[in-house]
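So the structure is just underneath, and the comments pick up after that.
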Amino acid sequence: MINLNLNIDKVLDFVSFNEIESFQPEIDKHFKTLFNKTGKGKNFLGWINLPSEIDKNLIKDIESDAKKMREIADVFVVIGIGGSYLGARAVIEALSHNFNNLLETGKNPLILFAGQNIGEDYLADLLDILDKKDYAITVISKSGTTTEPAIAFRIIKNHLENKYGKQEAKNRIIAITDKEKGALKELSEKEGYKTYIVPDDVGGRYSVLTPVGLLPIAVAGFDIKKLITGAFEMLQLNEATSSMGKNPVALYAATRNALYNKGKTTEIMVNYQPTLFYLTEWWKQLYGESEGKENKGIFPAGVSFTTDLHSMGQYIQEGLRNIFETVLSVKNSKRDLRIPEDKKNLDKLNYLAGEKINYVNKMAETGTMLAHVDGDVPNIRITIPKIDEENLGQLIYFFEMACAVSGYILGVNPFNQPGVEAYKKNMFALLGKPGFEKETNEILKKVN
Ligand code: PA5
């Protein structure tokens with residue numbers, strides 16, 4: 001059953017339903033192109049059938065390795081960047097206790113991340129923690145050549161070998177990479193690490209339902225089968241229909257493109273639950289890297305409310321009117337906490353006594369939506385009943401499919417990322433990487 005609901009009532013003052021509906025023929029065409037794998041980036045459409053085609057033995061293998069890791073490690077370090085860590089982090093944080101790192105239940109290993117930055121202090125601080133904890137790691141890189149995770153892996157691998165000895169260190173390393181190419185593949189083979197494959201036809205930002213996301217999520221203690229079930233339910237709906245009246249993917253893709261055509265060039269993903277912060281980060285990568293090319297694309301931004309209402313709220317209410325919001329609304333909280341009665345009522349909160357905190361959050365959400373719409377910020381609302389594996393699975397597939405369709409509407413290839421190479425070329429030239437001698441000479445003229 002599809003639990004996800006999409007509401008576009010609060011955009012209709014800005015674009016008419018007819019304008020949104022006019023995308024239907026195009027959307028039908030793009031659905032066909034995607035499922036037939038005949039369009040731009042057609043070699044990177046492996047994600048589209050993943051939820052129905054995922055091998056049961058692979059799931060068993062992942063679950064069994066996750067169990068092993070959970071037995072031997074209090075901390076599990078996920079080394080990767082971009083699509084090689086954001087999906088896992090999004091799901092793990094959405095499902096975790098807000099203060100997981102301070103909980104001492106001993107049930108779930110603490111998942112920490114590395115290789116997603118080049119912060120010297122970050123890595124050195126991480127080693128301080130790893131000195132004191134029993135830990136294991138996974139290193140994830142599809143290309144197997146990305147600098148940030150390669151540096152982090154070299155440092156943590158040394159630490160691990162010094163701490164446990166070379167032989168035991170091998171039991172504590174799982175590599176996830178390409179099936180045949182890249183430095184990580186070669187290294188893993190030479191060292192004899194357990195290895196999982198990132199399928200050739202699945203790009204990083206679409207890889208959360210491969211071992212890239214599934215292994216860390218399983219190690220964290222969450223049910224990867226339910227996550228896949230959720231994605232499968234959304235896949236089934238998308239196989240069945242591309243009609244906007246029946247499929248929220250089609251409606252979301254059409255609505256955001258209709259708004260873009262009206263000059264609403266920034267989409268702000270709004271959450272009201274702190275655990276959804278990384279889901280927004282994952283969404284930002286998915287949409288930013290897929291659509292932002294050929295001088296086109298909606299700029300994906302994110303805010304966490306009500307926190308950011310006390311900072312970014314001012315801009316959203318009264319700044320440049322080129323924005324729209326997509327609110328990710330979660331109906332029910334996991335916990336039940338109510339505002340207590342206070343005899344003195346000095347804080348004047350007794351009018352809320354007995355109410356759930358979630359009720360106050362919901363009123364803030366509705367009030368904010370109305371205020372922002374009054375301030376000329378159209379609002380799309382996506383509602384899920386609660387944060388759990390199945391709903392997250394639906395949401396992930398929903399956003400992936402809508403992103404692919406949106407990219408095709410825009411006329412770009414949503415599955416490549418040529419723009420991310422420019423900084424790498426300059427960095428390698430500045431670092432004097434072998435093979436970049438010509439670029440080094442050129443760039444030094446610019447910086448001196
Ligand atoms: O979506 C993408 O393709 C990128 O974000 C990559 O995932 C990211 O650059 C990491 O690449 P790799 O897994 O090859 O190290």
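Each ligand, and each atom within it, is numbered from 1 in the order the structure gives. In this chain, numbering begins with 1 at the start of the sequence shown.
Across N49 and K37, no two heavy atoms sit closer than the pair ND2-NZ, 4.0 Å.
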Under 3.5 Å: N or O atoms of ligand 1 paired with protein N or O:
| unit_1 | atom_1 | unit_2 | atom_2 | d |
| --- | --- | --- | --- | --- |
| ligand 1 | 1 (O) | R205 | N | 2.9 |
| ligand 1 | 1 (O) | R205 | NH1 | 3.4 |
| ligand 1 | 1 (O) | Q285 | NE2 | 3.1 |
| ligand 1 | 1 (O) | E289 | OE1 | 2.9 |
| ligand 1 | 5 (O) | G83 | N | 3.2 |
| ligand 1 | 5 (O) | Q285 | NE2 | 2.5 |
| ligand 1 | 5 (O) | E289 | OE1 | 3.3 |
| ligand 1 | 7 (O) | G83 | N | 3.0 |
| ligand 1 | 13 (O) | S84 | OG | 2.6 |
| ligand 1 | 13 (O) | K142 | N | 2.7 |
| ligand 1 | 14 (O) | K142 | N | 3.4 |
| ligand 1 | 14 (O) | S143 | N | 2.8 |
| ligand 1 | 14 (O) | S143 | OG | 2.7 |
| ligand 1 | 14 (O) | T146 | OG1 | 3.4 |
| ligand 1 | 15 (O) | S141 | OG | 2.6 |
| ligand 1 | 15 (O) | T146 | OG1 | 2.5 |

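Here N271 pairs with L276, T280, S304 under the side-chain contact (heavy atoms from CB on, under 4.5 Å) rule; sequence neighbours left out.
Among Q285, E289, R205, the one residue that satisfies the side chain to side chain donor-acceptor pair (under 3.5 Å) test with Q417 is R205.
Here F415 and Y206 bring their ring centres to under 6.0 angstrom of each other.
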Open item on the list: Is there a ring pair (Phe, Tyr, Trp, His ring centres under 6.0 Å) between F398 and Y252? Walk through the geometry before answering.
Closed with: CA-CA 9 Å; F398 166 83; Y252 178 52; 5.4 Å; yes
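With Y135 as the aromatic partner, R172 does not meet the cation-pi criteria of under 6.0 angstrom to the ring centre and within 45 degrees of the ring axis.
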